[in-house]
Amino acid sequence: WGTSEITGVGQASWANDGGVAPPNRLRLTNNSGAQRGNAWYNAATVEANAAWNAEFTFQITYEHSGGADGLAFHLHEIGIGADTWIEGQGLGANFLSVVIDTWNNGGECDFGLKIVNDGADVGNCHDLSGLGSVADDVYQVVMAYDGNGALTVDVINTATSNSTGALGFAADLSTLNNATFGWSAHTGGAGENHDIRTMSGTFVPEPGTALLVGLGLAGLSLGRRARG
């Protein structure tokens, strides 16, 4: 918790919130309106076009006025100063966004999983409402990429073990060979806290960069995958 290997942009910050357990967490936004926060791993870039796997847990708390927009995990090549929305706007031509959408802006899920690759939606929004409540439950997002265009994502409610199972998506990450990873979230007229609780994963680090180990976010750790 509080590691210097995360760079926050906008409203993202380390929170010690006595109203939730455990209190320490990476808070992308608080529950005020018109918030946007990004948090990026700064110790290395990764070869996202190679095989990798990663998982993180998140929690939505203190909803008001029906909740807010949601959060996303991103891989992109803009660097640690990126200030994006959940669907990756402004991340350039080549990126992947794994979106947890918690607000229906029309034609979307009220609570759903959406994949955006290079600015285009991959399939439709997958409804998550059958897994449990948007607010307060802790959800785990498990992702795996095979290095050949196949991405799987499984969303699990850790309180009930309800799960989507491994959903398959076609994703072209062939040009993402110097990628920054992290999260973003935003609110509009309504609000909610968007919190990252844990992360682990295995990536191929770019040549000359640090090994992806010991991030220190309440269970967040990253390992190195060999090339080939």
Side-chain angles (χ1 to χ4, degrees), residues 6-17 19-20 23 25-40 56-76 78-93 95-141 143 153 155 157 164 169 180-197 199:
I6 291 288
T7 295
V9 178
Q11 275 74 44
S13 64
W14 297 104
N16 188 332
D17 185 342
V20 291
R25 57 206 38 231
L26 176 58
R27 179 154 290 165
L28 300 173
T29 75
N30 61 40
N31 69 336
S32 301
Q35 303 285 300
R36 185 164 77 249
N38 293 243
W40 308 113
F56 66 93
T57 58
F58 73 89
Q59 187 177 27
I60 303 296
T61 58
Y62 302 114
E63 283 187 313
H64 76 80
S65 303
D69 293 272
L71 57 87
F73 174 85
H74 305 280
L75 285 155
H76 64 87
I78 301 301
I80 61 173
D83 187 9
T84 187
W85 307 84
I86 60 174
E87 294 188 7
Q89 297 93 326
L91 290 183
F95 66 90
L96 175 72
S97 299
V98 178
V99 182
I100 303 296
D101 192 335
T102 59
W103 183 268
N104 190 341
N105 288 305
E108 301 175 343
C109 301
D110 291 325
F111 178 31
L113 169 69
K114 184 176 183 179
I115 307 299
V116 182
N117 182 201
D118 298 346
D121 293 352
V122 179
N124 298 317
C125 180
H126 185 89
D127 185 22
L128 300 177
S129 61
L131 300 184
S133 171
V134 174
D136 299 322
D137 287 352
V138 177
Y139 287 87
Q140 181 182 32
V141 181
M143 303 167 286
V153 182
V155 182
N157 184 325
T164 62
F169 303 91
T180 296
F181 67 85
W183 304 269
S184 73
H186 59 88
T187 68
E192 63 193 18
N193 292 337
H194 297 98
D195 294 343
I196 302 299
R197 295 274 304 272
M199 182 180 173

Would you say the side chains of H76 and T180 form a donor-acceptor pair under 3.5 Å?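 Judged by distance alone, the side chains do not pair up.
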
Determine whether [X] and [Y] make a side-chain contact, defined as any pair of heavy atoms from C-beta on separated by less than 4.5 Å.
| X | Y | result |
| --- | --- | --- |
| V20 | R25 | yes |
| D17 | Y62 | yes |
| T164 | L113 | no |

Sub-3.5 Å donor-acceptor pair from the side chain of [X] to the main-chain atoms of [Y], do we have one?
| X | Y | result |
| --- | --- | --- |
| H194 | G70 | yes |
| N31 | N193 | no |
| S129 | G112 | no |
| N117 | F95 | yes |

What are the two closest non-hydrogen atoms of S184 and H74, and how far apart are they?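 Where S184 meets H74 most closely, the heavy atoms are OG-NE2, 2.7 Å.
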
Between L26 and W14, does the side-chain contact (heavy atoms from CB on, under 4.5 Å) criterion hold? Intermediate values first, please. CA-CA 5 Å; L26 176 58; W14 297 104; 3.8 Å; yes

For [X], what residues pass the side-chain hydrogen bond (donor to acceptor under 3.5 Å, both in side chains) criterion, not counting sequence neighbours?
| X | answer |
| --- | --- |
| Q89 | none |
| Q35 | none |
| D83 | R36, N38 |

Determine whether the aromatic ring centres of residues F111 and Y139 are separated by less than 6.0 angstrom.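 They qualify: ring centres under 6.0 Å apart.
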
Less than 6.0 angstrom separating the ring centers of H186 and W103, yes or no?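 No - the distance between ring centres of H186 and W103 does not fall below the 6.0 Å cut-off.
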
Below 30° counts as parallel, above 60° as perpendicular, anything between as tilted: where do the rings of W183 and F73 land?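 Rings of W183 and F73: perpendicular, as their planes differ by over 60°.
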
